[in-house]
Number of protein chains: 2
Amino acid sequence: MAATIRDVARVAGVGLGTVSRVINNSPLVSQATRQRVLDVIAELRYNPSQIARSFSLGKTLTVATIAPFFTRPSVVERLRGIEAALASGGYALVVFNVETRARRDNCLRDVPRSQRADGLLIISLAPQPDEVLALQETRLPVVLIDAYADSLPGVTIDDVAGGALATEYLIALGHRRIGFIGDLIADEMSFNFTSSRHRLEGYQQALVAAGIPPRDEYQRHGLHGRYEARVLARDLLELPEPPTALFAASDTQAMGVLEAARDLNLAVPDQLSVIGFDDIDVAEYLGLTTIRQLLFESGERGVELLLKRIANPATKLEREYLPIELIARGTTRRIAR
Amino acid sequence: MAATIRDVARVAGVGLGTVSRVINNSPLVSQATRQRVLDVIAELRYNPSQIARSFSLGKTLTVATIAPFFTRPSVVERLRGIEAALASGGYALVVFNVETRARRDNCLRDVPRSQRADGLLIISLAPQPDEVLALQETRLPVVLIDAYADSLPGVTIDDVAGGALATEYLIALGHRRIGFIGDLIADEMSFNFTSSRHRLEGYQQALVAAGIPPRDEYQRHGLHGRYEARVLARDLLELPEPPTALFAASDTQAMGVLEAARDLNLAVPDQLSVIGFDDIDVAEYLGLTTIRQLLFESGERGVELLLKRIANPATKLEREYLPIELIARGTTRRIAR
DNA sequence: CTGTTAGCGCTTTCAT
DNA sequence: ATGAAAGCGCTAACAG
């Protein structure tokens, strides 16, 4: 069917090796020979088989990514950074999307083993200790993005500091009754997202530091999603003594909070201040105050670390922290007294 | 290093073929032998190499996707459908993101040739005739999603009908001065998106059918994006005799229109009706009236067509049209008189 | 500079 | 039911 390197060699009247050298731009071919081979390649419409190439080389020039809900704006933006960095390095990107616990476990177990890729990027998923061990056994270079695990390299932000930053800002605006809306605390059945948990920690620390005792009833957790956050927030805002400000662990959840405020006819920011996290695209549109993190860059940096590790697996464990920044917009204001 | 099939065979004291049969669940192995081999596999932590397997089989169990701006909500949703359908079929997904004209051309040319994948899905990009020819020459099964090309299978919606549907709705609400905001008309330098152009056609047809002459100054085109649409809309709305309703070729652009209205202190829908296209996630949040198309499903159906073609390349050219639906929300209303 | 050859790890006949 | 052997298309080491 399709021409092989052997066909090219035969027609051009040269050896296999020569054709291979031409394909790979080796300098050890005379100009004349090279041209002849090139002509035959064009004539035969020959395309080197990537699979055969990978096989022979022992590398796939492919990087695999496991991401939960890759449809979430923050994840998409990280993926975009990954793709861009990978493409400029000549690597292809294969994506595994994970929306159930079972698939998370399967992917984490099987993808590294399949040897389809030269490296693996895991987004927003923290492998458990036993999974880390299994991962290391495969010897496949791995980098975590927006997640942390002992003895695995990664790029993240300081989520605790982020949570504190958001909360301190609300405190500085005079708020004392500050609520928190975040993801479900990881349990057996869930994904082990850690960022929401850390942001909660930062929230609590900031409160304590300001002499405000954190109240349990001000902290609500649910599945990540606009609708879930809306329900949670509505509940929270109907408390006898409701919060005057709400910190949502993500912009998506903050949108749910905004909806809840609308449901209850609470004016934002006059009666309720709202702050989110991530600074996804739509945050600007909504005028949402939020904590910005560099999503695109996290993908880029993750790829850099990974490629370094692929080139030299002995590279010492690197962990990179990306900066965060408070973006004050219109959903927060000094508390009315 | 890692154990190979040969190691397993040796340790288990069986032939290569037997191990292969066990791996592939062939029934031609005795229960006893199978168990012995399985034990050795576990003991050696053997994982069959996917690359070697692909190579030997002559198939990669991978599908490639070329998508422009895969960060756009509508594209992401299609990809999600693709990934889901692929995963359940045992295929992996490799993604190429295209954000420049040059990369579009390169991908269209190189990806099919590289033989990295058993099939190719092209999203929202219409190959030119010469590109179609080159594509067909590679004999790689291809399916278009949200794009059309002669002699290539695909799944799309009827964009002309969609444009007409949106426009007729505005007309039915009493609007006569209806503007259109869409993508740049394809030129040498751009991507050849066709959907916006077709929606414009539908818009014009509906207008004519209602006896309203389309006015050139009511039709604006720019790069796809919220900001660009905002600028375009602002300009349009500052006309001496501005439109009372605006049809945006996508929800993202409709958001820009909404911003423009805000800029000019025009109340929506009281002073201006706005309708979008796609019904992306955020449309519901914004209460945006729009034309819904089945994005996720378009990915699923594209995969189905593609897998069918991979299984049997002689499958006759299939083209599938997905339904559209008007979703009336809060950004449109009967014109005040 | 160039041709030849030995694998890479697996699937698949083909015998047995 | 199972072992042996022939590739799949390419790269790289080796010999000229």
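This one's a predicted model, so the numbers in the text were calculated from it and none came from an experiment. Values below: every heavy atom of this structure, side chains too, minus hydrogens, waters and symmetry copies. All chains are named by letter (A, B, ...) in the order of the sequence lines, taking the proteins before the strands, and each is independently numbered beginning at 1.
Between the side chain of Arg36(B) and the main chain of Ala12(B), a donor-acceptor pair closer than 3.5 Å is present.
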Please tabulate, for the side chains in residues 82-96 of chain B, all donor-acceptor contacts under 3.5 angstrom to protein atoms that are two or more places apart in sequence or on a different chain.
{"unit_1": "Glu83(B)", "atom_1": "OE2", "unit_2": "Asn97(A)", "atom_2": "N", "d": "2.8"}
{"unit_1": "Glu83(B)", "atom_1": "OE2", "unit_2": "Arg103(A)", "atom_2": "NH2", "d": "2.7"}
{"unit_1": "Ser88(B)", "atom_1": "OG", "unit_2": "Ala85(B)", "atom_2": "O", "d": "3.0"}

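Among Leu322(A), Ile157(A), Thr156(A), the single residue meeting the side-chain contact (heavy atoms from CB on, under 4.5 Å) criterion with Gln293(A) is Ile157(A).
Remark: Phe55(B) engages Phe55(A) in a ring pair (Phe, Tyr, Trp, His ring centres under 6.0 Å) (not counting sequence neighbours).
The CZ-P distance, from Arg10(B) to dA4(D), rounds to 14 Å in whole Å. Rounded to whole Å, atom P of dA12(D) lies 12 Å from atom CG of Leu28(A).
With salt bridges taken as basic N to acidic carboxylate O contacts below 4.0 Å, one links Lys308(A) and Glu318(A). Ion pairing of Asp105(A) with Arg109(A) is absent here, as no side-chain N (NZ or NE/NH1/NH2) approaches a carboxylate O to less than 4.0 Å. The residues Arg104(B) and Glu131(B) are annotated as salt-bridged, a charged nitrogen and a carboxylate oxygen being separated by less than 4.0 angstrom. Taking a cutoff of 4.0 Å between a charged side-chain nitrogen and a carboxylate oxygen, Asp7(A) and Arg10(A) qualify as a salt bridge.
Listed in residue order, the members of residues 29-37 of chain A having a heavy atom less than 4.0 Å from DNA chain C are Val29(A), Ser30(A), Thr33(A). Contacts with DNA chain D (heavy atom under 4.0 Å) in residues 112-120 of chain A: none are found.
The OG1 atom of Thr4(A) sits 12.0 Å away from the CG atom of Asn47(A) when rounded to the nearest 0.5 Å.
Checking Arg78(A) against Ser298(A) by side-chain atom types alone, a donor-acceptor pair falls below 3.5 Å. Side-chain atoms of Asp150(B) and Tyr148(B) include a donor-acceptor pair closer than 3.5 Å. Thr60(A) and Asp118(A) form a side-chain donor-acceptor contact under 3.5 Å, judged by distance and modelled atom types alone. The closest side-chain donor-acceptor pair between Arg116(A) and Thr62(B) falls under 3.5 angstrom.
End-to-end axis angle of the helix from dC1(C)-dG16(D) to dT16(C)-dA1(D), from C1' rotation axes over five pairs per end: 40° (rounded to 10 degrees).
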(message) Counting primed atoms plus P, OP1 and OP2 as sugar-phosphate and everything else as base, spell out the protein contacts along nucleotides 8-16 of chain C at 4.0 Å heavy-atom distance: B, S or - for each nucleotide, 5' to 3'.
(response) BBBBBB---

